[in-house]
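See structure below.
Letters A, B, ... mirror the listed sequences (proteins, then strands); counts begin at 1.
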Amino acid sequence: MTAENTDPNAPAPSDFVRDIVAQHVAEKRYPKIVTRFPPEPNGYLHIGHAKAICINFGIARENSGQCNLRMDDTNPAKEEVEYIDAIVTDVKWLIEGWADPYLGFKAKGSTPAAQEFNGLADYHIAAVSPTEIAHAEPFFASHYFDQLYNYAVMLITKGQAYVCDLSPKETDEYRGSPDRPGRDSPFRNRSIAENLDLFARMKAGEFPDAARSLRAKIDMAAPNMWLRDPLLYRIRHTAHHQTGDAWCIYPLYDYAHCLSDYIEGVTHSLCSLEFTDHRPLYDWVLENLNLPRPLPHQYEFSKLIPTYTIVSKRKLIQLVNEKIVTGWDDPRMPTLSGTRRRGVPASAVRRFAIGAGVTKFKSVTEIAVFEHAIREELNGLALRRLAVLKPTRLVLTNIPAGEVIECTATDNPQDENPTTRPIHLTREVFIESDDFAEVPPPKYFRLKPGGEVRLKYACIIKCDEVIKDSAGVVTELRCTADLTTRAGGVNVERKVKGTIHWVSATHCIDAEVRLYDRLFTVPEPDADGEFLKNVNPHSLEVVTAKLEPSLKGATSTQYFQFERLGYFVVDSKDADPSKPIFNRTISLRDTWAK
RNA sequence: UGCCUGAUGGUGUAAUGGUAGCACAGGCGACUUUGACUCGCCUAGUCAUGGUUCGAAUCCAUGUCGGGCAGCCA
């Protein structure tokens, strides 16, 4: 549980978007605050999307409103159903226990209903809650294609849209450039009747791809490029994952998005900065259609870009296709599925995304902020366990072989009344190789020849002898255990500087442990456009670790802290009961290593 | 050279004409059967120049620097 959803006194985030919403609420401008999260199903959601999700769902949550999940699927060439399923899973995961009551879906198969509002024709589609209605699905822009078509006919009838026969290349030339006005298309002044006829025939499939387009008639000399008679529809003889072969003309983003918002009753359409130039077009479409209900408005904020990561679908796809990672859900990927598999709790992602704030300043957020959020969440959630990643054999010469000394270990010292479990001290144990140094550096607290250290939850031991092989590698440490320093023993209060973790050599289990590190070696991997050369060749190290036996049967829904090492989780994909595999989510903070 | 948009410690963000605060990072220390956690202390900032004002990060002007825009992508 996190402060964000348990502390009623925690101040709600404050930012310029929420200020605007608050003002609209005070003015009673809308019957209900409705936002939306509208990904295109052409890739997996990543940490950058988490910010948009948190803002949109957060505002819905704070205002008892609603946030619709909508597939912005107007370009069938780039989209796949695989992505739709993944997006739904990821969004539900991220908001679960936080904003799920505010998630808006629609009844499965429903399309916008024609209604009359204040005496005017209108289209509207109602939301349902997926937690209450079994047959619910996300919204889809493609489910509004009929209505969008009708609106386009309306624009044509008003003389505000026309069919243009210019080729893509010619259209480009006619558009001019930022510092040079464009020229009117020779087809700009076709009669309304001809436009209506041509548009109907475009829909009927009479023309090949890109032979004609429907354009808004605005201003070819506008300083804003997006107002130079932007395309509304293009011809594309391609099947759509939702509508099949029903359509061969598809609306473009600028036309479909604002109307989709309107049809759903969205009030605040929040998007990232690069759409700022599109806002006048968003408004133009809505304002020219005689729509009876209050219009939505668009507000822009900056994206969340962490250091040492890439958040560009195109580039993430490249990492997958070039097999630099094992897939979209590789634990090194900044995708939500990768992050989840890595062992990061949704609450940590939210804490990070919300903490980043909402501004119009293009910023880069240090990954350390995310790492801190992960540790903070996991510190409260993770069960402590003992595990040795790189084992060194240690023999307690004063404990007879076969003797088992039961010790009590704490599951999580952060709990008010922590539960415990038994662990077993035996003659032979494994300790971390790093926890012994034959020639210790200055201020080394751990085990050294002749030195003492405490085995956590057990007793103080003294290193008597170092056994090495012919190559000089340490193969065994021979020590004596001072059993009077055990819990309950007379010398339990005796202090030594170092405490190290260990597992019994006779009771432990083996497991594959995947040690992940940052995927990139530099803070801004794509600064020069060549992110592939900045891939960290050591982003994954696989070891066979020795684990305390209570870890047997662990599942991927449990978070663990291997004491003194870091946070770990069972890999949700590759592990099975006979083959335990753990992912290191993140190491513990280590002020000594610095 | 067009339009849009922005600039507060190393990073992110707050202060909405009235003491520049918070978090991360960094440093020092305390505590510690995790060199974790926790706690205390410290370092460090309003792009520039003018103006309005008793008072400016905030308002105005000019400048500087940055980001975005010319897909039949979203």
Side-chain angles (χ1 to χ4, degrees), chain A residues 14-16 19 38-40 42 72-75 77-79 164 166-169 171-172 175-182 209-215 222-228 230-236 249-250 252-254 256-257 271-280 300 302 304 307 313-314 355-373 375-376 379-380 384 386 409-410 413-414 443-446 453-460 485 487 492 495-501 523 561-566 587-594:
Chain A
S14 165
D15 54 65
F16 79 96
D19 288 348
E40 183 187 17
N42 67 345
D72 216 352
D73 57 347
T74 56
N75 183 6
K78 297 172 72 177
E79 300 155 8
C164 180
L166 252 26
S167 71
K169 190 158 181 282
T171 306
D172 199 40
R175 186 158 32 227
S177 63
D179 54 351
R180 182 169 45 85
D209 284 3
R212 293 181 214 266
S213 62
L214 184 73
R215 293 231 251 164
N224 181 336
M225 296 297 290
W226 291 101
L227 262 18
R228 319 247 264 222
L231 270 76
L232 269 23
Y233 272 89
R234 77 279 229 184
I235 302 173
R236 196 106 315 161
I249 58 172
Y250 292 97
L252 279 111
Y253 167 85
D254 288 293
H257 200 92
C271 60
S272 48
L273 250 27
E274 69 263 35
F275 291 103
T276 306
D277 291 325
H278 299 234
R279 192 172 63 227
E300 312 86 16
S302 73
L304 174 58
T307 54
K313 277 187 197 168
R314 209 197 87 235
V358 182
T359 65
K360 293 174 102 74
F361 176 60
K362 196 192 169 187
S363 59
V364 179
T365 303
E366 287 179 358
I367 195 70
V369 180
F370 188 31
E371 294 172 342
H372 179 261
R375 292 188 179 109
E376 192 138 285
N379 184 40
R384 311 293 124 124
L386 296 184
T410 305
Q414 305 293 320
K443 293 174 78 177
Y444 187 77
F445 293 174
R446 287 108 92 164
V453 81
R454 178 178 281 280
L455 294 185
K456 177 132 193 183
Y457 303 122
C459 61
I460 294 173
T485 58
V492 65
K495 304 290 179 200
V496 286
K497 199 67 182 164
T499 299
I500 64 173
H501 58 277
Q561 181 196 101
F562 292 174
E563 296 212 41
R564 301 209 309 130
L565 295 172
S587 64
L588 251 31
R589 189 160 168 264
D590 185 358
T591 47
W592 158 251
K594 291 165 186 165

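Heavy-atom distances to RNA chain B give each of A:R279 and A:D179 a nearest nucleotide, and the one nearer the 5′ end belongs to A:D179. Comparing A:D72 and A:H372 by the nucleotide of RNA chain B that holds the closest heavy atom to each, the one mapping nearer the 5' end is A:H372.
The partner of B:A56 cannot be assigned: no Watson-Crick or G-U wobble pair with both contacts below 3.5 Å exists in any strand. Base pairing of B:C24: its partner is B:G10, meeting the Watson-Crick or G-U wobble criterion (both donor-acceptor distances under 3.5 Å). Nucleotide B:G35 forms a pair with no other nucleotide shown, judged by Watson-Crick or G-U wobble geometry with both contacts under 3.5 Å. Partner assigned to B:G71 is none, using Watson-Crick or G-U wobble distances below 3.5 angstrom. Figure legend. B:U49 is base-paired to B:A61; pairs are counted as Watson-Crick or G-U wobble with both atom distances under 3.5 Å.
Taking side-chain N and O atoms only, A:R234 has a distance below 4.0 Å to OP1 or OP2 of B:C73. Using a 4.0 Å cut-off, no side-chain N or O of A:R215 falls inside it from OP1 or OP2 of B:C72. Listed pair A:R375 / B:C24 fails the phosphate criterion, with no side-chain N or O lying under 4.0 Å from OP1 or OP2.
Going from the C1' atom of B:C41 to that of B:U8 covers 24 Å, rounded to whole Å. Atom P of B:A48 sits at a distance of 22 Å from the matching atom of B:U43, rounded to the whole Å. Spacing of P atoms, B:A44 relative to B:G51, comes out at 30 Å, to the nearest Å. Straight-line distance between the P atoms of B:A20 and B:A25: roughly 27 Å, to the nearest whole Å. Comparing the same atom, C1', in B:G9 and in B:A23 gives a spacing of 13 Å after rounding to whole Å. Rounded to the nearest Å, the gap between the P atom of B:G18 and that of B:A57 is 10 Å. The separation of B:C65 from B:C37, taken at their C1' atoms, amounts to 43 Å, rounded to a whole angstrom. The same atom, C1', is picked in B:A70 and in B:C3; the two are 11 Å apart, to the nearest Å.
Among B:A74, B:G2, B:C4, the nucleotide with an atom closest to any side-chain atom of A:P223 is B:G2. The side chain of A:E274 has B:G68 as its nearest neighbour among B:G71, B:G68, B:C73. Minimum atom distance to the side chain of A:P178 is reached by B:A70, of the listed B:A74, B:A70, B:C4.
Across all non-hydrogen atoms, the minimal contact from A:Y457 to A:L386 is CD1-CD1, 4.1 Å. Across all non-hydrogen atoms, the minimal contact from A:R228 to A:R180 is NH2-O, 2.7 Å. The two residues A:Y253 and A:T74 make their nearest non-hydrogen contact at N-OG1, 4.3 Å. Across A:K360 and A:L273, no two heavy atoms sit closer than the pair O-CD2, 3.4 Å. The two residues A:A222 and A:L227 make their nearest non-hydrogen contact at CB-CB, 3.6 Å. Between A:R454 and A:A458, the closest heavy-atom pair is NH1-O, 3.4 Å.
Side-chain atoms of A:L166 and A:R175, non-hydrogen and from C-beta on, never get closer than 4.5 Å to each other.
The CD1-C1' distance, from A:I367 to B:A23, rounds to 16 Å in whole Å. Summarising the geometry, the separation between NE2 on A:H278 and C1' on B:U5 is reported as 13 Å, rounded to the nearest angstrom. Taking atom CG of A:D172 as the reference point, atom C1' of B:C73 lies 14 Å away to the nearest angstrom. Regarding A:F370, its CZ atom lies at a distance of 17 Å from the C1' atom of B:A25, rounded to whole Å. The distance between atom CD of A:E300 and atom P of B:A74, rounded to the nearest whole Å, is 18 Å. The distance between atom CG of A:L231 and atom P of B:C72, rounded to the nearest whole Å, is 6 Å. Nucleotide B:C73 holds its C1' atom 17 Å from the OH atom of A:Y233, rounded to whole Å. Going from atom CH2 of A:W226 over to atom P of B:C72 covers 7 Å, rounded to whole Å.
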Take nucleotides 29-36 of chain B nucleotide by nucleotide from the 5' end and write B, S or -, depending on whether a protein heavy atom sits under 4.0 Å from the base, only from the sugar-phosphate, or from neither. ----BBBB
Per-nucleotide protein contact string for nucleotides 11-22 of chain B, where B marks a base within reach and S marks sugar-phosphate only (heavy atoms under 4.0 Å, - for neither): SSSS-B------
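Within the 3.5 Å criterion, the main-chain N or O of A:K456 finds no donor-acceptor partner in the side chain of A:T499. No donor-acceptor pair under 3.5 Å is formed between the side chain of A:K362 and the backbone N or O of A:S302. Judged purely by atom type and a 3.5 angstrom limit, A:R384 has no side-chain atom pairing as donor or acceptor with the backbone of A:A409.
Residue A:I460 is out of contact with every strand shown, counting any heavy-atom pair closer than 4.0 Å. Counting non-hydrogen atoms under 4.0 angstrom, A:I249 reaches nothing in the nucleic acid. Contact annotation for A:Y250: no contact, since no heavy-atom pair falls under 4.0 Å across all strands. In this structure, A:A368 reaches the sugar-phosphate backbone alone: every heavy-atom distance under 4.0 Å involves primed, P, OP1 or OP2 atoms, never a base. Within the nucleic acid shown, A:R236 comes within 4.0 Å of at least one base atom, counting heavy atoms only.
Nucleotide B:G9 is shown with an anti base, its glycosidic torsion being more than 90° from 0.
A salt bridge between A:K169 and A:D172 is absent, with no side-chain N of the basic residue lying under 4.0 Å from a carboxylate O of the acidic one.
Relative orientation of the A:H278 and A:F275 rings is perpendicular, given thresholds of 30° and 60° on the angle between their planes.
In this structure, the separation between CZ on A:R446 and CZ on A:R564 is 5.5 Å, given to the nearest 0.5 Å.
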